[in-house]
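Numbering of residues begins at 1 and proceeds along the displayed sequence.
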Amino acid sequence: MSISENLQKITSRIPNEVTLVAVSKTKPVSDLMEAYNSGQRIFGENKVQEMVEKYEQMPKDIEWHMIGHLQRNKVKYMAGFVSLIHGVDSFKLLIEIDKQAKKHNRVIDCLIQIKIAEEDSKFGMSEADAHWMLNSEEFLQLEHIKVKGLMGMATFTNNMAQVENEFNYLNQTFQNFQEFESTNFQPEIISMGMSGDYELAIACGSTMIRVGSNIFGARNYSN
Ligand SMILES: *Cc1c(COP(=O)(O)O)cnc(C)c1O
């Protein structure tokens with residue numbers, strides 16, 4: 001199946017209010033353009049340099065989402081154009097995003113990544129640390145970021161009951177955090193679900209799915 005057929009298949013399966021991020025990491029601009037030409041406008045990348053290169057080559061009405069683990073010293077390269085940063089996993093990173101956004105006179109939307117997987121390899125804040133941050137004076141004073149919700153990555157496993165538990169935990173955390181709403185925390189988005197589990201994620205309350213291989217085919221990391 002072609003990229004546009006894959007996209008059609010996925011969009012026909014998901015409710016209108018769920019946002020599809022097309023995860024295009026490692027894929028050539030020609031593949032992204034095929035998705036663009038069939039109407040896709042939101043792309044997710046996990047490496048800053050790759051995202052910048054694609055941003056420069058592609059139409060300017062695209063929303064670029066940074067979905068990967070982000071190093072503080074890389075924020076400056078994308079601060080002028082990134083639409084949503086999914087993987088904010090520390091207060092220091094959020095403060096750096098605020099600082100770089102200020103230089104561009106922008107407010108950058110962010111999601112707090114919560115660690116929901118048992119695996120040590122997955123990044124994210126604990127619910128307690130995120131709770132503390134969202135209620136801190138320093139957070140409330142940041143003027144160039146807006147936290148729009150939470151993001152999580154489930155354990156890489158075939159055990160769907162475990163994945164379901166992890167998704168439910170993120171949804172529950174999102175519900176618990178509603179009461180912390182402020183000018184800087186406007187919780188609307190739960191980013192969870194990838195190619196193998198997006199239907200389950202939506203059933204567990206996801207409002208934004210990040211799908212790569214089901215759209216663009218398997219990734220080849222060797223080149
Ligand atoms: C690569 C990636 C995805 C997409 O994975 P697929 O299984 O190809 O859909 C989603 N989220 C994050 C954070 C990723 O790094």
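More than 12 heavy-atom neighbours from other residues, nucleotides or ligands sit within 6.0 angstrom of CD on Gln175. Counting heavy atoms of neighbouring residues, nucleotides and ligands inside a 6.0 Å radius, atom CG of Asp61 exceeds 12 of them. Other residues, nucleotides and ligands contribute only 12 or fewer heavy atoms inside 6.0 Å of the CG atom of Asn158. Residue Glu181 qualifies as enclosed at atom CD: its count of foreign heavy atoms under 6.0 Å is above 12. Within 6.0 Å of atom NZ in Lys47, 12 or fewer heavy atoms from other residues, nucleotides or ligands are found, so the atom counts as exposed in its surroundings. Counting heavy atoms of neighbouring residues, nucleotides and ligands inside a 6.0 Å radius, atom NZ of Lys76 exceeds 12 of them. Gln49 CD: 12 or fewer foreign heavy atoms inside a 6.0 Å radius.
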> Under the side chain to side chain contact (heavy atoms under 4.5 Å, CB included) criterion, do Gln8 and Ser38 qualify, and how do the steps go?
Replying inline: CA-CA 9 Å; Gln8 270 165 25; Ser38 55; 5.5 Å; no

> Should Glu50 and Lys54 be marked as a salt bridge (charged side-chain N to carboxylate O under 4.0 Å, His left out) after you check the CA-CA gap, both sets of side-chain angles, and the distance that decides it?
Replying inline: CA-CA 6 Å; Glu50 186 176 343; Lys54 288 171 174 172; 2.8 Å; yes

>> Between Leu200 and Val163, is the side chain to side chain contact (heavy atoms under 4.5 Å, CB included) condition met? List the steps.
In response: CA-CA 9 Å; Leu200 177 60; Val163 172; 3.9 Å; yes

> After noting the C-alpha distance and the side-chain angles of Asn171 and Ile190, does the key distance pass the side chain to side chain contact (heavy atoms under 4.5 Å, CB included) rule?
Replying inline: CA-CA 7 Å; Asn171 188 9; Ile190 306 179; 3.5 Å; yes

>> Under the criterion side chain to side chain contact (heavy atoms under 4.5 Å, CB included), I'd like the reasoning laid out for Cys110 against Lys146: C-alpha separation, chi angles, the key distance, then a yes or no.
In response: CA-CA 6 Å; Cys110 297; Lys146 204 166 286 296; over 6 Å; no

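A continuous path of hydrophobic side-chain contacts links Ile215 to Ile202 [ILVMFWY only; heavy atoms under 4.5 Å]. Linking Ile, Leu, Val, Met, Phe, Trp and Tyr whenever their side-chain heavy atoms come within less than 4.5 Å leaves Phe167 and Ile67 in two separate clusters. If you chain together hydrophobic residues whose side chains sit under 4.5 Å apart, Met192 and Val211 fall into the same group. One hydrophobic cluster holds both Ile145 and Met125 under the rule that ILVMFWY side chains link at heavy-atom gaps under 4.5 Å. Side-chain heavy atoms closer than 4.5 Å link hydrophobic residues (I, L, V, M, F, W, Y) into clusters, and following such links, even through other members, never connects Leu84 to Met78.
Donor-acceptor pairing under 3.5 Å is lacking for the side chains of Glu188 and Thr207. Side-chain polar atoms of Glu45 and Ser24 form a donor-acceptor pair below 3.5 angstrom. A side-chain N or O of Gln172 and one of Asn176 form a donor-acceptor pair less than 3.5 Å apart. Side chain to side chain, Asp31 and Tyr36 fail the donor-acceptor criterion of an N or O pair below 3.5 Å. If you check the side chains of Gln57 and Glu53, you find no donor sitting under 3.5 Å from an acceptor.
Between the side chain of Ser206 and the backbone N or O of Met208, at least one donor-acceptor pair lies under 3.5 Å. Panel note: side chain His65, backbone Phe43; no donor-acceptor pair is recorded below 3.5 Å. With Glu127 contributing its side chain and Thr173 its backbone, the two residues share no donor-acceptor pair below 3.5 Å.
Contact check for Ser126 versus Lys115: no side-chain heavy atoms found under the 4.5 Å cut-off. Residues Arg13 and Glu199 form a side-chain contact, since some pair of their non-hydrogen atoms from C-beta on lies under 4.5 Å apart. When side chains are defined from C-beta on, Leu70 counts as touching Ile85, because their heavy atoms get closer than 4.5 Å. Inter-residue side-chain proximity for Trp64 and Met58 is flagged as met; some heavy-atom pair is nearer than 4.5 Å.
Listed by chain and residue number, Phe123 satisfy the ring pair (Phe, Tyr, Trp, His ring centres under 6.0 Å) test with His69 (two or more places apart in sequence, or in another chain). In this view, Arg219 satisfies the salt bridge (charged side-chain N to carboxylate O under 4.0 Å, His left out) rule with no residue, not counting sequence neighbours.
Using a cutoff of 4.0 Å between basic side-chain nitrogens and carboxylate oxygens, Glu96 and Lys92 are not scored as salt-bridged.
Ring pair Phe81/Tyr55 is parallel by interplanar angle, where below 30° counts as parallel and above 60° as perpendicular.
Between His131 and Phe180, a ring centre-to-centre spacing shorter than 6.0 Å is recorded.
Among residue pairs with one or both ends in residues 15-34, none qualify as ring-ring contact (aromatic ring centres under 6.0 Å, His included); sequence neighbours excluded.
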